[in-house]
Amino acid sequence: MLLNTAKVRVRFAPSPTGGLHLGGVRTVLYNYLFAKKHGGTFVLRIEDTDQTRFVEGAEQYIYDCLKWCGIEPDESPLHGGEFGPYKQSERKSKYWDYALQLIEAGHAYYAFDTPQELEQMRMDFKTNENPSPQYDARIRMKMKNSLTLTANEVEKLLQEKNPFVVRIKIPENEIISFSDLIHHEVSFDSNVVDDKVLLKADGMPTYHLAVVVDDFLMKITHAFRGEEWLSSAPVHILLWKYLFGLDEMPQWAHLPLIMGPSGKLSKRDGAKYGFPVYAMNWTDPRNNEFTEGFKEKGFLPEAFINLLAMLGWNNGTEQELFSLNELIDQFSIDRVHKSGAKFDYEKAKWFNHEWIKKSSSELLCPLVKPILEEKSISNINESFLKTIIDLVKERCPLLDDFFQQSSYFFIAPEELDTEAVKPKWKEDKAGFFNEMCNQLNQLNVWETTSIENCFKTLAAEKNIKPGELQLPMRIMLVGGKFGPAVFEIAYLIAKEETIKRIKSALIILNS
RNA sequence: GCCGCGUUGGUCAAGAGGUUAAGACGCCUCCCUUUCACGGAGGAAUCACGGGUUCGAGUCCCGUACGUGGUACCA
């Protein structure tokens, strides 16, 4: 149905007010996939029209997250482009012309009501049936605006520099409908839509005006956004109709919301249930409130993108693991679901584990190394690390898990899970390990099989079942009941270290 | 309250009038493994409800319920 004579152009338009959460990244992702699939352009526009909510560092943070995810924009304040500026605060002057144009055509009007007067209006007209009265066709004629005042009065107020806003004049008794790429036909009764503010008293446009003007000016062909915007879509449709004509309007797609355990996913859910909701760590500079990110939690960007893509979309087959390129190839907007999906952290970890398992040690090494270094494991030999990574990655759903699963290859365990062996610990076992040390010491060929043979032969001589001895050996070398085959570990940490660990464990166990 | 949107196992979901209603996560059992995982084999659990339409409905229509979003000079 896309008879695009025009090149596909999509945009993601966040406001720089804080961290970028799951839903935001998924909106970016679907935008990006759609654009790349159709050989189009992905634009990032910063919607910073609310100056009271501006947060230092939030814009840079957005770039960082997108970069980490591997879904960078083609055009943005940072990346440039021919439709700039890409920051709405720098486009302030553009919006005025359009607001004026609307006023002249009778589709908008000046309103001089103060915030207190609006509050008063809401109090006065509040009833049980209508707990939140709107500034609409019925109310507007009772307020202070260019519809109720004479031209002279309006002129005077304007001259005297009284604060004012511009509101859209929503028509009465009209059905406003449009076709959404995901929801198909959606319609609204204009009588339930209120006269939204278009231009604020500080001269900044609201989202409603800005999104329409900028989508037009930036030649956006497809506008994807979260479903929370669906309710205000009629305002935008009307604006398109009045300003540029419906034929110019981009195709809308209102994406289903990502839900938390209770309602729309929020950063509170993360703290409450113990999972990240932001792409990367974020500290709010205003109150130093810290929110954990998927990156720092130990997620691979490939996995993060993959799990997000599958939250609300699939290609109709059983395939669940997709690379970014596969997603670009397979993505189609008409397979995006209508209903919101609840985020499941367990499944998210499964995706990450799958990606870790299929990633090469080459790729994983630079990611794992700093994690170990941070926990004061130094002088890491990279080729040795790579061997270890291949050996333990099937036990590591998160990158952080590599510490527990591989630290004992580099340093002796600080604590031994002696409870696992103590109950069955006897003289003969102590004797076995003492003798074992001597024999290992004399072993000429230090290999997994030779160590194992030595171990088993001695066990047979001492008449102890090897199985009785393997767990103690593991505890001595690893510290706990986990990790790969114990003789493999002995081989890798080398002879001296193996003997050293057995001996020091013997002291603890015999005491 | 009003308006919009939605509703297939606990979660993600396939399904476009006729299927024993896929698959995945999680959970349980077993096998492999004298550790933990990985891998393999099984298992429990579902079409929100009520009416229609139809020979036949998870699929179409209408209600109801529930969920969710909006109802700001926030996006």
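Only this structure's heavy atoms are used, side chains among them; waters, hydrogens and symmetry mates stay out. Each chain gets a letter, A, B and so on, in the order its sequence line appears, and its residues count up from 1.
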Does the gap between the ring centers of A:F351 and A:F322 come in under 6.0 Å?
no
Strictly under 6.0 Å, is that where the ring centroids of A:F304 and A:F299 end up?
no
Between A:G316 and A:D202, name the one whose nearest nucleotide on RNA chain B is closer to the 5' end.
A:G316
Taking only the P atom of each, what is the distance from B:rU59 to B:rG18 in whole angstrom?
11 Å
Mind checking if A:P256 touches a base, just sugar-phosphate, or nothing, with heavy atoms under 4.0 Å?
nothing
Scan A:A485 against the nucleic acid and name what it touches under 4.0 Å (heavy atoms): base, sugar-phosphate only, or nothing.
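Base, at least one base heavy atom under 4.0 Å.
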Within 45° of the ring axis of A:W355 and under 6.0 Å from its six-membered ring centre, is that where the NZ or CZ of A:K358 lies?
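Yes, a cation-pi geometry holds between A:K358 and A:W355.
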Should the pair A:R167 and A:Y135 be classed as cation-pi, given the thresholds of under 6.0 Å to the six-membered ring centre and 45° from the axis?
yes
B:rA57 - base-pair partner by Watson-Crick or wobble geometry, distances under 3.5 Å:
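By the stated definition (distances under 3.5 Å), nothing pairs with B:rA57.
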Under 3.5 Å on both distances, the Watson-Crick or G-U partner of B:rC12:
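The answer is B:rG23, by the H-bond criterion.
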Phosphate OP1/OP2 of B:rC38: any A:R395 side-chain N/O under 4.0 Å
no
When you check the phosphate oxygens OP1 and OP2 of B:rA75, does a side-chain N or O of A:T49 lie under 4.0 Å from one of them?
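So the side chain of A:T49 is within the cut-off, an N or O lying under 4.0 Å from OP1 or OP2 of B:rA75.
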Can you build the contact string for nucleotides 5-13 of chain B? Use B for base contact, S for sugar-phosphate-only contact, and - for no protein heavy atom under 4.0 Å.
SSS---SSS
